[in-house]
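Worksheet: one structure, shown below.
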Amino acid sequence: MVQAYILIQTEVGKASAVAESISKIPGVLQAEDVTGPYDVIVRAEADTVDDLGRLVVAKVQQIEGITRTLTCPVVHL
């Protein structure tokens, strides 16, 4: 299982709607509105890195109001 944090920038005023929409996607564990350079932070999981990439590109990035994403895979050192 691969987990990652997805840092999301949204259009002004869209963070809550984006977080709510993302929280309904299978594989998303948590979606929170935050302040700072990013507007929403998501924790997601998938079986493989490729599945995680598909989750981000095919589902998360398709949500209206998102302007940019940064995916940060969790590593266990």
Side-chain angles (χ1 to χ4, degrees):
M1 189 68 60
V2 178
Q3 293 188 344
Y5 289 97
I6 306 166
L7 311 178
I8 299 171
Q9 293 177 335
T10 69
E11 296 172 3
V12 175
K14 300 280 185 163
S16 292
V18 166
E20 184 177 336
S21 295
I22 290 175
S23 69
K24 297 174 184 172
I25 296 173
V28 170
L29 304 175
Q30 193 170 13
E32 300 284 347
D33 300 23
V34 295
T35 60
Y38 295 95
D39 304 304
V40 177
I41 296 180
V42 173
R43 180 143 181 157
E45 69 178 3
D47 290 331
T48 67
V49 172
D50 289 340
D51 289 339
L52 180 64
R54 281 188 280 278
L55 171 74
V56 173
V57 173
K59 296 185 179 169
V60 171
Q61 290 182 349
Q62 300 306 313
I63 292 180
E64 186 176 339
I66 292 177
T67 58
R68 182 175 297 196
T69 65
L70 174 66
T71 303
C72 303
V74 174
V75 296
H76 301 281
L77 302 175

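Note: hydrogens, waters and symmetry copies are ignored here, and every other heavy atom, side chains too, is used.
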TODO: List the steps, then state whether side chain to side chain contact (heavy atoms under 4.5 Å, CB included) holds for D39 with I8.
DONE: CA-CA 6 Å; D39 304 304; I8 299 171; over 6 Å; no
- [ ] Starting at OG of S21, measure out to NZ of K59 and round the result to the nearest 0.5 Å.
- [x] 14.0 Å
Task: Point-to-point distance, once rounded to the nearest 0.5 Å, from CD1 of I25 to CD of Q62 - done: 10.0 Å
Open item on the list: With heavy-atom distances below 4.5 Å as the criterion, would you say the side chains of I6 and V56 are in contact?
Closed with: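 I6 vs V56: side chains touch.
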Open item on the list: I'd like to check L29 versus E45 (side-chain heavy atoms, cut-off strictly below 4.5 Å). Are they in contact?
Closed with: yes
With a 4.5 Å cut-off on side-chain heavy-atom distances among I, L, V, M, F, W and Y, is there a chain of contacts connecting [X] to [Y]?
X   : Y   : value
L7  : V18 : no
V34 : I63 : no
V2  : V60 : yes

Open item on the list: Is it the case that atom OH in Y38 sees more than 12 heavy atoms from other parts of the structure closer than 6.0 Å?
Closed with: yes
Open item on the list: Looking at D33 and V40, would you say the former's side chain and the latter's main chain have a donor-acceptor pair under 3.5 Å?
Closed with: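 No.
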Task: Co-members of V57 in a cluster of I, L, V, M, F, W and Y side chains, linked at under 4.5 Å - done: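 Direct or chained contacts put V57 with none.
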If you look only at distance, which donor and acceptor atoms sit under 3.5 Å apart when one is on a side chain in residues 64-77 and the other is two or more places apart or in another chain?
unit_1: T67; atom_1: OG1; unit_2: Q9; atom_2: O; d: 3.1
unit_1: T69; atom_1: OG1; unit_2: Q61; atom_2: NE2; d: 2.8

- [ ] For I41 and Y5, run side chain to side chain contact (heavy atoms under 4.5 Å, CB included): C-alpha distance rounded to whole Å, both residues' side-chain angles, the deciding distance at 0.1 Å, then the answer.
- [x] CA-CA 7 Å; I41 296 180; Y5 289 97; 4.1 Å; yes
TODO: Compare every heavy atom of D47 with every heavy atom of M1, then report the nearest pair and how far apart it is.
DONE: CE-OD1, 3.5 Å
